[in-house]
Amino acid sequence: MSLIANLKKDELKLVAEELKLTVPDNAKILDLKILIESSEVYKKETELVKNIIDYAVEETRIKKSARELNLELEKIKLAHKRSESETNLQLEKIKVAQLELANILKDLSHDSSLSTMSATETVIRESIQNERGSRRMEIGNSFTYPRKESE
C-alpha cells in the first residue's frame, strides 16, 4: 500500500515541497501522487518519507486549528461590537428621554396658571455589573403634579 494514499491535496503538496520536488501550480491530487511516488527519495528513503508525511499531516492540522481559532475570535469580536452598539443605542434612548423630561418640566414650571410646581428630581443611575461586564441603566422618575389655583 502506498504511503501517500490517504493524504489530502495540501498535504501532498507539502510532502512534495519537502522532498524538493517541483510542484506545478495547477497540479491535481493524482499528479502530486505520481510526482512523489516517482521520485528517487520516495523509492530509496522510506523512513525519511514517512517522517515528512507525519510532518505534513501535523502541519496541516495545526494550520486548520489556527484558522478555526481565528474564526472563533472574529465571531467573539463581532458579538462584542454588536453588544457595545446595543448598549450605546440604549444610552442614547435614555438621553433622549431625559431631554424630553427636562423639556416637560421646563414647560410646566413656566405655566402661569399653575400655583405650585413641585416635581422631584430625575434620578439616573448607571451601575456596572462586574460579573457580566454589561451595563444596566436605571431611571427613576417621581412627580407631584401641579394643581390649579382655586378661585
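Worth saying up front: this structure is predicted, and the values here are computed from it rather than measured. Each residue takes its place number in the sequence, starting with 1.
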Side-chain heavy atoms nearer than 4.5 Å, only ILVMFWY residues, links allowed to pass through others: does that put Tyr55 and Val23 together?
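Unlinked, Tyr55 and Val23 end up in two clusters.
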Mind checking whether Ile34 and Ile4 sit in one hydrophobic cluster, side chains of I, L, V, M, F, W, Y counted as touching below 4.5 Å?
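Ile34 does not cluster with Ile4.
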Answer yes or no: does atom NZ of Lys9 have more than 12 heavy-atom neighbours from other residues, nucleotides or ligands under 6.0 Å?
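Count over threshold, so yes.
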If you count heavy atoms of other groups shown closer than 6.0 angstrom to NZ of Lys20, is the number above 12?
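Atom NZ in Lys20 is not packed in, count stays at 12 or less.
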Working to the nearest 0.5 angstrom, can you tell me the gap between [X] [atom1] and [Y] [atom2]?
X     : Y      : atom1 : atom2 : answer
Ser39 : Leu21  : OG    : CG    : 5.0 Å
Glu45 : Asn51  : CD    : CG    : 10.5 Å
Leu99 : Lys106 : CG    : NZ    : 11.5 Å

Stepwise side-chain contact (heavy atoms from CB on, under 4.5 Å) test for Asp31 and Leu35:
CA-CA 6 Å; Asp31 298 332; Leu35 178 67; over 6 Å; no
Can you name the closest pair of heavy atoms from Ala56 and Glu11 and give their distance?
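Closest heavy-atom pair between Ala56 and Glu11: CB-O, 3.8 Å.
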Can you see which heavy atom on Leu12 is nearest to which on Ile36, and at what distance?
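Closest heavy-atom pair between Leu12 and Ile36: O-CD1, 3.4 Å.
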Within the distance-only criterion (no hydrogens, no angle test), does the side chain of Tyr42 pair as donor or acceptor with the backbone N or O of Leu3 below 3.5 angstrom?
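The answer is yes, because a donor-acceptor pair under 3.5 Å joins these two groups.
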Is a side-chain N or O of Thr87 found less than 3.5 angstrom from the main chain of Ser83, in a donor-acceptor match?
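Checking the backbone N and O of Ser83 against the side chain of Thr87, a donor-acceptor pair under 3.5 Å is found.
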If the condition is side-chain hydrogen bond (donor to acceptor under 3.5 Å, both in side chains), which residues does Glu84 pass it with, not counting sequence neighbours?
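Testing Glu84 for side-chain hydrogen bond (donor to acceptor under 3.5 Å, both in side chains), a comparison that skips the adjacent residues, returns His80.
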Who are the side-chain contact (heavy atoms from CB on, under 4.5 Å) partners of Lys93, not counting sequence neighbours?
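Per chain and number, Lys93 pairs via side-chain contact (heavy atoms from CB on, under 4.5 Å) with Leu89, Gln90.
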Taking only Lys NZ, Arg NE, NH1 and NH2, and the carboxylate oxygens of Asp or Glu, determine whether Glu37 and Lys33 approach each other closer than 4.0 Å.
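No, no charged N to carboxylate O under 4.0 Å.
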Yes or no on side-chain contact (heavy atoms from CB on, under 4.5 Å) for Glu59 and Leu14, after CA distance, side-chain angles and deciding distance?
CA-CA 9 Å; Glu59 185 72 18; Leu14 189 55; 3.8 Å; yes
